[in-house]
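What's counted below: heavy atoms across the whole structure, side chains too, no hydrogens, waters or symmetry copies.
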Amino acid sequence: MIAIAGAKGGCGKTTTALGLADAFARAGTPTVVVDADRQLPNLHVVAGIDREPTVAALASGATISDVAHQHPDTDDVAVLTAPKSSQTIDLQTVLDRLADEPVQVLIDCPSGAGPDVVEPVAAADRTVVVTSDTGRSADAAETTIDVARRLDVPVAGTVFVRCDSVPADLGSRFDAPTLGVVPDHESPLTADATKSAYDRLAEALTESRGSSNPTLPFQGERLETGVDAIDRVLDGGVRPGSIVALCADPASASELVLSKLTATRGTLYLSTQRSKRTVRHALETSAFRVGSPTIRHLDGSVIEQATGLVTALPDGANLIVDAANDLERGDRGAYIDFLNGVKEHLLETNSVAVFHCLSGAREFGSGSGSGFEHGHRLVTRHHADVVVELEAIDRETAIDHVLSVSKRRGERPPTEKVPLFPSNVA
C-alpha cells in the first residue's frame, strides 16, 4: 500500500497515482487507486469515470468489487472515488479492508500537512513524494517527507514531475532517494514518453519493495522468536519494536510457537481464554525448552486490563496476547488506541509482541478456514509489522504444519512456505 503524497496542491499527485497504476497493470499487477481527498477530490475527473458510487457505499454493506470503478483504458486498474460532502466514511476501515487484497494499492492523498493527510499516509506501507522543480513545491515535498517520517512510514523516494531530468539544485536536497522523473506532456497518461517514465517508476518501486531504503537492507539487531523455521525466513528474527500477528486455526500447533517464544527472553503472557493455572501447566509439561513468563488472565474489560499491564513491560521483553480474538471483538476505536499504545511502548523498550489470532471459529460470524476474518482482525493485520500464517495440512499419514510470512513491514516478505517440524512424522 503506497501513499502518493505532496503538500502542495497541483503538484501532480493524482496524475502520478493513475500513471503508476497503469504501469503496475502493464507489468501484470492488478492495482486499486483510492481517492483519499475528502475536500478536493479529483481522481474521478482525471480518470474519466463517474463519481458514484463512492467509497461511502461500503458502509451500507457493499463489497469493494461493487464500489470500485473500472478504469476505462486499463483492465487491471480499479478506482475508489472519494465520498461527497454529504456522505460519511471511515477511511481507515476502507484501507483496512484493502490491506489484505491481492492487489497493489495506491492512495491519492490530499494536499497539505494536516489531519486529513495523516490518516492515509499513516495507513500506507510506503510513501512516494511528488514534487515539481519549483521552490514552493520542493518546500512542500520536504514537509511531506517530515510528516511521513514522524508517522514512522518509510519514504520510498521522490518523483519529479514535468521535468526532463532531476533539477541540479534539488537532486540532493531531500533526505530521500530520487525514484525518477516524468517529462511534461499535454497527455501525461497516454504519451509514450510519460508511460515509459511511469513504467520505470513502477519497476523501481517493485525492486525496492520491502525496504525503506532501496539500496540498504536492515542491518540492526533482530530478536529471535525461538522457532527455527520462523527465524530462518525472517533473516534471524524480527526487528525490536515489532508487533507479530500469528494467524492459525485453533487446532494447529500455534501454541508451540508461543511456548518457545517464552524461552528467548522475559515474557508477559496475557491470556484471554485460559486461566493462569492452565497456561502454566501447559508450559511445564511442554516437550520443548520454555521460560518462566509472568502470566495474567484477562476477563471483563480485557482492553482496559491489557493496557495497564502492557505499560509495565520492561526493556527487551516479549508480550504474548493469547488469544487476540477477545480484544478484536470490542470497540474498534478502543482497540486501535490499544494497538497504537502497544506499538509505542514496544519501540520505547525494544520489545516484541505476538498476538495469537485464532481463525475459523464460526461463532464470530460466517465463514471458515484459515482465511476467515472476524471482529477487527483486519485492524490487527494492518497494525502488525509481521503476519505469520500457520496452516495445518492433513496428509492422511501425517499432519503437516506449514509456516508462511504474508507481511513484513519495511522489508520484502519471504515467498517460501516452510514446515514447522522439518522432520515431522506420523
Side-chain angles (χ1 to χ4, degrees), residues 1 55 58-59 61 88-101 115 118-125 151-153 238 241-248 250 254 258 268-274 296-313 318-349 351-367 370-389 406-407 409:
M1 187 175 291
V55 293
L58 294 174
T88 57
I89 183 69
D90 185 344
L91 179 62
Q92 186 66 55
T93 298
V94 175
L95 298 178
D96 285 343
R97 292 178 64 176
L98 286 170
D100 290 325
E101 293 291 325
V118 168
E119 187 176 18
V121 170
D125 297 300
L151 294 171
D152 198 28
V153 177
V238 297
S242 294
I243 294 177
V244 179
L246 173 62
C247 302
S254 54
L258 304 182
L268 173 61
Y269 196 121
L270 303 183
S271 175
T272 62
Q273 299 184 5
R274 295 185 294 162
R296 295 291 183 267
H297 174 66
L298 307 181
D299 56 9
S301 303
V302 290
I303 291 181
E304 183 178 344
Q305 293 178 51
T307 299
L309 292 166
V310 168
T311 55
L313 193 70
N318 295 327
L319 168 67
I320 294 176
V321 180
D322 177 29
N325 303 54
D326 291 85
L327 284 78
E328 292 171 329
R329 290 200 300 271
D331 177 76
R332 182 176 182 278
Y335 184 50
I336 289 175
D337 289 342
F338 170 71
L339 289 173
N340 283 322
V342 168
K343 176 66 177 180
E344 291 172 3
H345 194 71
L346 294 176
L347 290 170
E348 291 174 0
T349 60
S351 300
V352 62
V354 174
F355 282 60
H356 191 199
C357 302
L358 300 177
S359 56
R362 287 184 175 272
E363 63 266 27
F364 295 117
S366 60
S370 62
F372 171 58
E373 309 291 1
H374 62 76
H376 301 309
R377 176 60 49 81
L378 288 177
V379 175
T380 305
R381 294 175 70 96
H382 177 64
H383 278 256
D385 301 286
V386 178
V387 177
V388 177
E389 317 277 356
S406 59
K407 176 183 179 181
R409 177 171 285 128

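- Taking all atoms of both residues into account, the shortest heavy-atom contact from S359 to P250 is O-CD, 2.9 Å.
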Check: Step by step, would you call N318 with L268 a side chain to side chain contact (heavy atoms under 4.5 Å, CB included)?
Finding: CA-CA 6 Å; N318 295 327; L268 173 61; over 6 Å; no
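- With rounding to the nearest 0.5 Å, the separation of CG in L327 from OG1 in T380 is 8.5 Å.
- Note: L313 CG to S351 OG = 4.5 Å, rounded to the nearest 0.5 Å.
- T307 has its side chain out of reach of D337: every pair of non-hydrogen atoms, C-beta onward, lies at least 4.5 Å apart.
- Nearest heavy atom pair, residue L95 against residue A123, reads CD1-CB, 3.4 Å.
- Taking both residues in full, the closest heavy atoms of A122 and V153 are given as CA-CG2, 4.0 Å, listed atom of the first, atom of the second, then distance.
- Between D326 and L298, every side-chain heavy-atom pair lies at or beyond the 4.5 Å cut-off.
- Here the OG1 atom belonging to T272 is positioned 7.0 Å from the CG atom belonging to N325, to the nearest 0.5 angstrom.
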Check: Between L270 and V302, is a side chain to side chain contact (heavy atoms under 4.5 Å, CB included) present by the stated rule, with each step listed?
Finding: CA-CA 10 Å; L270 303 183; V302 290; over 6 Å; no
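- Judged purely by distance below 3.5 Å, without hydrogens or angles, the side chains of D322 and Q273 never pair a donor atom with an acceptor atom.
- C357 has its side chain within reach of C247: a pair of non-hydrogen atoms, C-beta onward, lies under 4.5 Å apart.
- Looking at heavy atoms from C-beta onward, L98 lies in side-chain contact with M1 at the 4.5 angstrom threshold.
- In this structure, a donor-acceptor pair under 3.5 Å is absent between the side chains of T311 and H345.
- Side chain of K407 to main chain of H382: a donor-acceptor pair is present (N/O by atom type, distance under 3.5 Å, no hydrogens or angles).
- Across all non-hydrogen atoms, the minimal contact from V386 to V238 is CG2-CG1, 4.2 Å.
- Between L319 and V354, the closest side-chain pair of non-hydrogen atoms is not below 4.5 Å.
- S271 places no side-chain N or O within donor-acceptor distance of the main-chain N or O of H297, the cut-off being under 3.5 Å.
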Check: What do the steps show when you test F338 against V310 for side chain to side chain contact (heavy atoms under 4.5 Å, CB included), and what is the final call?
Finding: CA-CA 10 Å; F338 170 71; V310 168; 4.2 Å; yes
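- For S301, the side-chain contact (heavy atoms from CB on, under 4.5 Å) test picks out E304, with sequence neighbours left out.
- Separation of atoms CG (D331) and CD1 (I303) is listed at 7.0 Å; rounding is to 0.5 Å.
- A search for side-chain contact (heavy atoms from CB on, under 4.5 Å) contacts involving V379 returns D96, R332, Y335, I336, L339, H376, H383, not counting sequence neighbours.
- To the nearest 0.5 angstrom, E328 atom CD is 9.0 Å from L358 atom CG.
- Here D385 pairs with S242, I243, K343, R409 under the side-chain contact (heavy atoms from CB on, under 4.5 Å) rule; sequence neighbours left out.
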